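Structure, as structure tokens:
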Protein chains: 2
Amino acid sequence: MQKQPTIRDVAHAAGVSVAVVSRVLNPGSGPVAAATRGRVNDVMQTLGYHPRTAARELKHGPATTLGLLLADVSNPFFARLADHVVQEAHARGIQVLLMTTQEDDRLESERLSTLIERRVSGIIATPTGNNLEIWKKLQDMGADVVFVDRSIPSLPEVDVVSINNTESARAATALLAAHGHRRIGIISGPASSTTGRDRIAGHRQALEAAGLDQDDLLIRSAAFRGAAGGDAVTALLSLEHPPTALVVANTAQVTTVLRRLAHAGVSIPDELSVIVFEDSPWTELMTPPLTIVRQPIDLLARHSVQLALSNASGQTSGKPTTIRVEAELIERSSVARPGSK
Amino acid sequence: MQKQPTIRDVAHAAGVSVAVVSRVLNPGSGPVAAATRGRVNDVMQTLGYHPRTAARELKHGPATTLGLLLADVSNPFFARLADHVVQEAHARGIQVLLMTTQEDDRLESERLSTLIERRVSGIIATPTGNNLEIWKKLQDMGADVVFVDRSIPSLPEVDVVSINNTESARAATALLAAHGHRRIGIISGPASSTTGRDRIAGHRQALEAAGLDQDDLLIRSAAFRGAAGGDAVTALLSLEHPPTALVVANTAQVTTVLRRLAHAGVSIPDELSVIVFEDSPWTELMTPPLTIVRQPIDLLARHSVQLALSNASGQTSGKPTTIRVEAELIERSSVARPGSK
DNA sequence: CATAAAAGTGTAACCGGTTCCACTCTGTTT
DNA sequence: AAACAGAGTGGAACCGGTTACACTTTTATG
């Protein structure tokens with residue numbers, strides 16, 4: 001990497017002071033004669049000058065970088081979220097530092113340290129649920145943290161953008177109940193996650209509204225990573241009274257669940273009706289096409305970026321904002337009446 | 001964001017000079033008495049001190065940030081690539097600035113400017129194919145550019161990591177030929193992309209080796225974005241002599257192709273044998289499970305990061321490196337003998 | 001025990017921008 | 001004609017780290 005020209009090189013070559021060059025660089029920061037501006041611009045062009053972000057950021061904090069801290073990006077849900085966040089940020093001239101936690105507390109805390117050292121203007125994160133002290137510290141430092149998808153109840157001061165998990169799960173289970181199912185299973189996220197808990201709560205609401213028994217054996221919490229979804233399926237199928245319908249409310253485990261069902265030779269929807277929380281184009285290509293809960297990822301992203309940046313620009317309303325967007329239940333063909341087997 | 005403590009605050013509180021604090025911060029940069037080190041560390045702890053990356057980067061270039069410039073991250077292929085790149089980078093203490101081009105030259109050039117201004121230590125990119133001058137300039141600046149997945153032939157000086165596209169497509173088409181297919185179609189990426197061209201070349205090699213006619217009507221180039229894949233399917237199906245087998249060599253268009261086939265009521269593999277370049281878990285869940293070409297994304301990522309960083313550390317071998325990893329053809333059930341209809 | 005070598009520490013310059021303030025030079029107002 | 005506003009510019013301090021160098025104190029060596 002050979003030496004790049006600095007602002008002083010440009011100033012010298014253009015026969016002006018660095019202050020003038022800086023003003024050319026930041027229109028509105030002071031007056032510059034049109035002729036001078038032209039000359040400076042020409043020099044910058046021929047010298048191939050690019051101002052260094054690092055130097056600029058030394059003065060003021062970087063209002064130009066956003067930290068995006070996700071569990072992982074292999075999961076298409078997070079991938080699409082990342083894509084939209086990046087686009088929203090770029091549209092505002094902001095760059096995104098992407099980090100992943102692999103759902104691991106220790107990694108999460110390391111990533112957070114890095115973000116603190118970078119003095120990023122905002123952080124959008126799917127928290128693992130631990131590292132409470134660090135999140136609190138970040139808040140005290142005045143960092144603009146937004147939790148997306150999940151949240152941490154013991155940190156009520158943080159802005160949150162998520163889908164209405166309770167309602168989505170309620171609607172899914174209600175649909176199955178309406179088809180006449182009386183034993184409806186659910187495989188949700190870990191109980192330590194708000195998404196996991198909220199979806200189970202919604203499920204229970206629907207059961208109660210339909211006047212159905214609440215059999216805790218039909219409620220399974222599976223970790224986000226690994227093959228926990230498959231194991232939950234096996235457990236459900238080997239029950240004395242297995243479910244006739246299943247809500248897969250853990251997006252990260254949908255494919256492992258379906259694989260296990262296929263291996264077990266369970267036919268959908270004849271033997272088992274299925275609704276999945278997942279919006280991949282593949283769900284429609286399955287045989288039968290799957291009934292899904294679609295999460296409006298673009299909205300999640302837009303609101304998150306907006307919150308992270310509006311806070312940064314000092315519009316601290318004081319109260320933390322919680323935005324809950326509605327998911328959409330899309331009926332296809334994986335739900336039928338029970339007992340058609 | 002309230003005022004954060006600086007190195008001078010720490011120095012003052014610990015009763016030492018900033019030089020000592022800096023040495024504590026960077027072990028190996030000079031001697032510090034054990035007692036002093038302890039005291040300084042304690043002070044940093046209680047003050048909640050975090051050194052600012054921006055200040056550190058002012059001195060030397062940032063050997064700590066990598067630019068990752070992808071088409072988009074909605075595409076699971078790029079998403080998994082991003083995931084692995086981030087993990088590899090984190091393992092080396094490097095952060096990743098994620099940017100997307102949406103396959104748009106103008107956006108690409110904007111992103112590149114940003115990366116130049118940040119003086120990132122390396123760039124891993126899937127180039128759109130344009131912006132030749134900027135890439136060249138980056139090279140002249142001594143930036144460490146690595147093209148991954150695709151490349152630009154007129155920039156032979158850049159390191160490239162990709163799969164062996166020609167061989168992968170050849171193997172796919174050869175498998176279909178071995179099953180007795182004589183009219184084999186291919187839907188590949190745009191002719192402007194190396195992946196698109198190379199896969200078509202491999203396809204032609206296989207046809208020739210099998211002694212089959214080369215009917216250009218069976219060779220379709222579809223853009224990466226939009227629904228071009230579906231349209232290509234329609235075109236192929238409405239041919240006077242439609243193909244009996246199809247290679248979908250454009251990962252971004254696999255689902256649009258399959259959707260169109262489903263809508264057209266084409267049954268796989270009875271009416272049409274299919275091989276897709278795609279490694280989603282969903283391919284195995286389809287009816288029938290799809291025969292696929294699996295791309296070793298982890299290897300692509302590992303090699304890219306390695307190249308981007310090894311160059312950065314001054315091990316410029318002089319000659320550009322090209323690493324080609326082999327894809328794996330995984331036979332499942334979407335290929336059968338023709339005419340079983 | 002003399003003396004060289006090494007350990008421990010502090011001062012100040014530097015990285016490359018931004019910005020406050022002083023200054024000059026027009027053109028305008030009374 | 002004096003007073004003044006404001007455009008245009010430059011000098012120098014500053015942001016928060018790193019580091020070359022000078023200096024003092026220990027420790028090792030013959």
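Letters go in sequence order (proteins before strands), and every chain restarts at 1. Because the structure is predicted, anything quoted here is derived from the model rather than measured.
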Are a donor atom and an acceptor atom from the side chains of A:S162 and A:R324 found within less than 3.5 Å of each other?
yes
Side-chain donor-acceptor contact under 3.5 Å, A:H50 with B:R119
no
Among B:T128, B:T126, B:T101, which one satisfies side chain to side chain donor-acceptor pair (under 3.5 Å) with B:E108?
B:T128
Looking only at side chains, do A:R23 and A:T36 share a donor and an acceptor under 3.5 Å apart?
no
CZ of B:F224 to CZ of B:F77: how many Å apart, nearest 0.5 Å?
10.0 Å
Hey, does the side chain of B:T53 come within less than 4.0 Å of D:dG17's phosphate (OP1/OP2), counting only N and O?
no
Please report, rounded to the nearest Å, how far the C1' atom of C:dG8 is from the CZ atom of B:R39.
12 Å
Base-contact (B) and sugar-phosphate-only (S) positions in nucleotides 11-20 of chain C, heavy-atom cut-off under 4.0 Å, - elsewhere:
BB-BBBBBB-
